[in-house]
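Here's the structure, in structure tokens; my notes come after.
Numbering of residues begins at 1 and proceeds along the displayed sequence. Everything numeric here is computed off the predicted structure, so don't read it as measured data.
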Amino acid sequence: MPHSATDFTSLGGVKVTIMGLGLHGGGLESARFFARRGASVTVTDMRDEKTLAPSIEALAGLPVRYVLGRHEMADFSGADIVVKNPAVKSDSPYLSAAHRVETDISVFLAISNSPLVAVTGSKGKSSTASAIYHGFGAAGIPAFLGGNITVSPLTFVEETSADRPVVLELSSWQLADIRGLGVLKPKVALLTSIMPDHMNRYSSMDEYVADKRLIYADQDCSMFTVCNRDQDWGRSFASETRGKVLWYSETETELPGAWLEPAEGAPARGRRGYFAFPEDRAGAPANPEEILPSELLVQGIHQRKNLLAAACALRAMGVDPEAIRGGMASFPGVEHRMEFFAESAGVRWYNDSAATIPQAVAAALLSFDEPPVLITGGTDKNLDFEPVRKEYARAKSIILLAGTGTEKLRTLLDEDGLRYRGPFADLDAAVESAANDARPGDSVILSPGCTSFGMFLHEFDRGRKFKESALRAMRMRESANQKMPI
């Protein structure tokens, strides 16, 4: 199947079916892209018009036909191009009937003229990709950010150019969708920490990681692959990529790539980061450059490591070390990922709704100097809490949200003698319980360790509703305090 910009320049009369409109922008932007270029566009989704209302409203005025609440085989067998949502499994019988299957990512990569930094991993990829984008901006380099971070790159495809880098966060599903197309050739490919995830979709870790490996599959020796030295998976990636390997590590130093200064030489949460190219032009070891300052806005050693990886990628892209330091120092973090959003009555509130696996909860708990009040739990996706069960004892108190994953967690909490409140099927009740447990100087964090489905549309909906609920609770308490007699 050919993939080039010319495939998408003359679309008058071409029949295009968008499979999965969704609420994250990929289906929406695909529909807009093809409709504006004269294609005959059909959008089909198993969800109904009410659920998809925000995306449908955004397409108002464009000639789009909708088939909602169902799929019809004729819309696939009769289409010239089917554009699938990453969440749709490739073995769908509807896709089997299609003549040609694309995604918003494959279309973008065929058209874009920008140098590319591609980021994948299990956890940390959104924070790392966002930090790279922020670093470009801090250095005065116009750039774009898109992909799995809920911004379709088709929104800015027409503005790409050789002097405007693009940072793409790519999930394992998005990578699987472009397998064998030869369109993903990032100047820098970066892999964050690999952990068990989506085990309801994959039969094994090896199958899951095989999709991650696609991020560097079409690189050549002029490109860089940034790997985690602290994981066996990272060393495995480095052993097979054709790109030049740059490492990042919190435990090893003097690497070709980036590292944190030894823990004994700095406070645990204030370790600087350094970078060195494999060798200078004369063949001698390059002198280390400081690329990560001691003071950061984000919490936790795992976030410090994410920013170290981001700084390493920026250095590989030729950004000045001083500009990188400034950019990392001013990076505010990412919504739904250890996001500090409010303080009231001496209590700080954090939204970590994107923590959808137990290991992410453990990392969140380790980020605080004092035990936080933890709101956690949700829907299961073949999750295993056993490897991090002891970390739940780090919470001052545990508030559970209802869900199938929560039931698995409750068994371990009961065995370990850890008390909890809930499970709550109502978010406001969970927030109120957490607020009752918190005292001045405490932190409250939503870090579910489970998927959001059941109570919420997705993890971003969960995070936004949590923030709204917490802010309502704060206002009510502040109002009640003001009315108390003196």
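Looking only at side-chain heavy atoms (C-beta outward), Leu427 and Phe456 come within less than 4.5 Å of each other. Looking at Met195 and Ile357, their side chains come closer than 4.5 Å, going by heavy atoms from C-beta outward. Contact annotation: the side chain of Phe277 approaches that of Arg315 to within less than 4.5 Å [non-hydrogen atoms, C-beta and beyond]. Contact annotation: the side chain of Thr44 approaches that of Thr17 to within less than 4.5 Å [non-hydrogen atoms, C-beta and beyond]. Between Ser127 and Arg337, the closest side-chain pair of non-hydrogen atoms falls below 4.5 Å. You'll find the side chain of Pro165 stays beyond 4.5 Å of the side chain of Ser114, heavy atoms only. Side-chain contact check for Phe368 versus Met338: some heavy-atom pair is nearer than 4.5 Å. Using a 4.5 Å heavy-atom threshold, the side chains of Arg394 and Leu366 count as touching.
Of the possible donor and acceptor atoms, none in the side chain of Ser112 sits under 3.5 Å from a partner among the backbone N and O of Leu109. Panel note: side chain Gln219, backbone Phe224; a donor-acceptor pair is recorded below 3.5 Å. Although no hydrogens or angles enter the test, the distance criterion places a donor-acceptor pair under 3.5 Å between the side chain of Gln231 and the main chain of Ile194. Formation of a donor-acceptor pair under 3.5 Å by the Ser367 side chain with backbone atoms of Ala363 is found in this model. Within the 3.5 Å criterion, the main-chain N or O of Leu418 finds no donor-acceptor partner in the side chain of Asp416. Here the side chain of Ser443 pairs no donor or acceptor atom with the backbone of Pro372 at under 3.5 angstrom. Asp230 contributes a side-chain N or O that, together with a main-chain N or O of Glu250, makes up a donor-acceptor pair within less than 3.5 Å. Using modelled atom types, one side-chain atom of Ser452 and one backbone atom of Glu459 make a donor-acceptor pair closer than 3.5 Å. Using modelled atom types, no side-chain atom of Arg462 and backbone atom of Leu457 make a donor-acceptor pair closer than 3.5 Å. Between the side chain of Arg271 and the main chain of Glu261, a donor-acceptor pair closer than 3.5 Å is present.
Shown here is Glu415, whose CD atom has more than 12 heavy atoms of other residues, nucleotides or ligands within 6.0 Å. Within a 6.0 Å radius of CZ in Arg348, other residues, nucleotides and ligands contribute more than 12 heavy atoms. Within a 6.0 Å radius of CZ in Phe385, other residues, nucleotides and ligands contribute more than 12 heavy atoms. Around atom NZ of Lys185, no more than 12 heavy atoms belonging to other residues, nucleotides or ligands sit under 6.0 Å away.
Side-chain contact of Tyr274 with Glu254: a donor-acceptor pair under 3.5 Å is absent, judged by distance alone. No side-chain N or O of Thr404 forms a donor-acceptor pair with one of Asp380 less than 3.5 Å apart. Inspection of the Ser249 and Lys305 side chains reveals no N or O donor paired with an N or O acceptor under 3.5 Å. Judged by distance alone, the side chains of Thr120 and Lys212 do bring a donor and an acceptor atom under 3.5 Å apart. The closest side-chain donor-acceptor pair between Asp352 and Ser447 falls under 3.5 angstrom. Of the N and O atoms on the side chains of Asp414 and Tyr420, at least one donor lies less than 3.5 Å from an acceptor on the other residue. Under 3.5 Å, the side chains of Gln174 and Asp177 contain no donor-acceptor pair of N or O atoms. The closest side-chain donor-acceptor pair between Asp104 and Ser152 falls under 3.5 angstrom. Judged by distance alone, the side chains of Ser236 and Arg213 do bring a donor and an acceptor atom under 3.5 Å apart. No hydrogens or angles considered: nothing links the side chains of Asn351 and Ser353 as a donor-acceptor pair under 3.5 Å.
Across every non-hydrogen atom of Leu95 and Lys84, the tightest pair is CD1-CE, 3.7 Å. Closest heavy-atom contact between Ser193 and Tyr248: N-OH, 4.0 Å. The two residues Thr379 and Cys450 have their closest heavy-atom pair at O-CB, 3.2 Å. What you find for Gly147 and Leu168 is that their closest heavy atoms are N-CD2, 3.9 Å. The heavy-atom pair separating Val188 from Ala313 by the smallest distance is CG1-CB, 3.9 Å. Across all non-hydrogen atoms, the minimal contact from Val101 to Ala98 is CG2-CB, 3.9 Å.
Classification of the Phe34-Phe8 ring pair by plane angle, with boundaries at 30° and 60°, yields perpendicular. Using cut-offs of 30° and 60° for the angle between ring planes, the Phe237 and Trp233 rings count as parallel. Ring orientation note: the planes of Phe156 and Phe144 are close to parallel, at an angle under 30° on the 30°/60° scale. In this pair, Phe460 and His336 present their aromatic rings tilted. The plane angle is within the 30 to 60° band.
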For this session: Go through the steps to decide whether Thr128 and Lys125 satisfy the test side chain to side chain contact (heavy atoms under 4.5 Å, CB included), and finish with yes or no.
Result: CA-CA 5 Å; Thr128 303; Lys125 56 184 181 292; 5.7 Å; no
Exercise. Salt bridge (charged side-chain N to carboxylate O under 4.0 Å, His left out) between Glu407 and Arg410: does it pass, once the steps are laid out?
Worked result: CA-CA 5 Å; Glu407 295 308 307; Arg410 286 179 70 185; 3.4 Å; yes
For this session: Go through the steps to decide whether Thr356 and Lys123 satisfy the test side chain to side chain contact (heavy atoms under 4.5 Å, CB included), and finish with yes or no.
Result: CA-CA 9 Å; Thr356 56; Lys123 282 298 162 186; 3.0 Å; yes
Exercise. Taking it one step at a time, do Lys467 and Glu339 satisfy salt bridge (charged side-chain N to carboxylate O under 4.0 Å, His left out)?
Worked result: CA-CA 10 Å; Lys467 290 191 289 185; Glu339 174 197 5; 3.0 Å; yes
Problem set entry | CA sep, side-chain torsions, deciding dist, call: Ile375, Ile445, side chain to side chain contact (heavy atoms under 4.5 Å, CB included) | CA-CA 6 Å; Ile375 303 175; Ile445 181 171; over 6 Å; no
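Distance check: Ser330 OG to Arg325 CZ gives 13.0 Å after rounding to the nearest 0.5 Å. The line from CZ of Arg421 to CD1 of Ile398 is 11.5 Å long, rounded to the nearest 0.5 Å. Within the model, atoms CD1 of Ile399 and OG1 of Thr376 stand 10.5 Å from one another, a figure rounded to the nearest 0.5 Å. Note that CZ of Phe331 and CG of Leu297 are 9.5 Å apart. Values are rounded to the nearest 0.5 Å. Atom-to-atom distance recorded for Ser30:OG and Ile81:CD1 is 11.0 Å, nearest 0.5 angstrom. For the atom pair NZ (Lys408) and CD (Glu386), the distance works out to 11.0 Å, reported to the nearest 0.5 Å.
Applying side chain to side chain contact (heavy atoms under 4.5 Å, CB included) to Val119 and the options Ile132, Leu170, Val226, Leu191 leaves one that passes, Ile132.
Between Glu391 and Arg389, no side-chain nitrogen of the basic residue sits less than 4.0 Å from a carboxylate oxygen of the acidic one, so the salt-bridge criterion is not met. Ionic pairing of Asp45 and Arg47 is present here: one or more N-O contacts between side-chain nitrogen and carboxylate oxygen are shorter than 4.0 angstrom.
With ring centers used as reference points, Phe108 lies 6.0 Å or more from Phe33.
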